[in-house]
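See structure below.
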Amino acid sequence: MRVLVTGKHGQLSKQLQLDASAAITLQALDRAQCDIRNATDVLTAVTDFSPDVVINAAAYTAVDQAESDAEQAYAVNALGVENIARACLSNDTRLLHVSTDFVFNGQQSQPYQPSDVIDPLGVYGASKAAGEQRVQALMPAAIILRTAWVYSCHGNNFMKTMLRLMAERDELSVVVDQIGTPTSTPTLAQTIFALIDNTQAQGIYHCTDAGQGSWYDFAVAIYEQAQALGLLPANKSVTIRPIKTTEYPAPAQRPSYSVLDHSRLQADTGLVMRDWRVVLAEELNKLLVETAQTLKDSECISNK
Ligand SMILES: NC(=O)c1ccc[n+]([C@@H]2O[C@H](COP(=O)([O-])OP(=O)(O)OC[C@H]3O[C@@H](n4cnc5c(N)ncnc54)[C@H](OP(=O)(O)O)[C@@H]3O)[C@@H](O)[C@H]2O)c1
């Protein structure tokens, strides 16, 4: 299977490149090779590589910045996505587009189903919702995969930021009244490969790791697990203080509850999602191995 992935240096795209099986010929393109805002770039990329599937992992993901940069957020997350859908249509190519829990307003108290009404709170969510709608209008058979709270041992994300701050500070304040589910890029990549393997899969799916928690719970789990693994400086103690969203004002309003129901995904792929704390331990272990390898490499260089 030939697979074209956009947003080459993004955290999800990197994982897809790492985890593609030998049965997949994967080409990942970065912004310089294929700026998705440019319809000609996109059409040329899809026509030249002639993939069976395009995975759109490129996005404008700066949630707060989007509030004052709506034009660019829409250019990437709505127009860019439309360009990809049009190029896929012209080449008779399948499309899997990645979207977000931020299309929901967070007022529910039970997990969101793929069919639930969307009502984004901020510009980022609205631009992603517009992207979904353009895909649905042009390619009803495309797959839209919504996910949430994405992190990975590579890239910029909450887990990496917390580890850096925990190494630097003695006290951290983290929001306790936004509930969702941390989701690792390996879970997402595995899900994406399972979905594109299933030629019957189409429409909206939800994918996160299992369970739920607040950003505060996520930070505490990172701290406890990182300490147990020796990823934080020895004897480093950090107090993590739960705070309300109102105590940490940010430009973009976020959903207070955005847990996603993945039963449709499980039914169509057979995948069973694992608890986010178990998956977090695996990502932190990978980081430990990478850190040890980097230290070993730098010792080798300084001994030469
Ligand atoms: N991160 C999360 O917590 C989260 C949560 C829910 C859903 N999602 C969705 O998951 C998907 C993957 O997110 P991620 O965390 O992997 O994002 P990411 O790490 O921010 O990567 C996004 C990539 O898109 C690229 N990009 C931006 N504008 C582009 C353009 N005009 N043309 C081509 N490439 C462009 C960026 O390129 P540069 O490197 O050049 O900037 C970057 O490499 C996105 O659809 C996102 O909306 C993410």
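Numbering of residues begins at 1 and proceeds along the displayed sequence. Since we're looking at a predicted model, the values are computed, not measured. Whatever order the structure lists ligands and atoms in, that order sets their numbers, starting from 1.
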Contact residues of ligand 1, where a non-hydrogen atom lies under 4.0 Å away:
Gly7, His9, Gly10, Gln11, Leu12, Arg31, Cys34, Asp35, Ile36, Arg37, Ala57, Ala58, Ala59, Thr61, Val76, Val98, Ser99, Thr100, Tyr124, Lys128, Thr147, Ala148, Trp149, Val150
Decide yes or no for Val5 and Leu29: does some side-chain heavy atom of the first lie under 4.5 Å from some side-chain heavy atom of the second?
no
Which atom pairs, one a donor and one an acceptor, fall under 3.5 Å between side chains of residues 70-80 and the rest of the protein, sequence neighbours left out?
unit_1 : atom_1 : unit_2 : atom_2 : d
Gln72  : OE1    : Arg37  : NH1    : 2.6
Asn77  : OD1    : Tyr60  : N      : 2.8
Asn77  : ND2    : Tyr60  : O      : 3.0
Asn77  : ND2    : Ser127 : OG     : 3.1

Are Glu247 and Lys244 within salt-bridge range, i.e. N to O under 4.0 Å?
no
Pairs of donor and acceptor atoms involving the side chains of residues 260-267, under 3.5 Å and at least two apart or interchain, shall be tabulated with distances.
unit_1 : atom_1 : unit_2 : atom_2 : d
Asp261 : OD1    : Ser263 : N      : 2.8
Asp261 : OD1    : Ser263 : OG     : 2.4
Asp261 : OD2    : Gln113 : NE2    : 3.4
His262 : ND1    : Gln266 : OE1    : 3.4
His262 : NE2    : Thr208 : O      : 3.4
His262 : NE2    : Thr208 : OG1    : 3.2
Arg264 : NH1    : Gln202 : O      : 3.2
Arg264 : NH1    : Ile204 : O      : 2.7
Arg264 : NH2    : Gln202 : O      : 2.8
Arg264 : NH2    : Tyr205 : OH     : 3.4

Report all side-chain donor-acceptor pairs from residues 129-136 shorter than 3.5 Å, counting only partners two or more places apart or in another chain.
unit_1 : atom_1 : unit_2 : atom_2 : d
Glu132 : OE1    : Arg146 : NH2    : 2.9
Glu132 : OE2    : Ser99  : OG     : 2.7
Glu132 : OE2    : Arg146 : NE     : 2.7
Arg134 : NH1    : Glu82  : OE1    : 2.9

Do other residues, nucleotides or ligands put more than 12 heavy atoms under 6.0 Å from the CG atom of Asp119?
yes
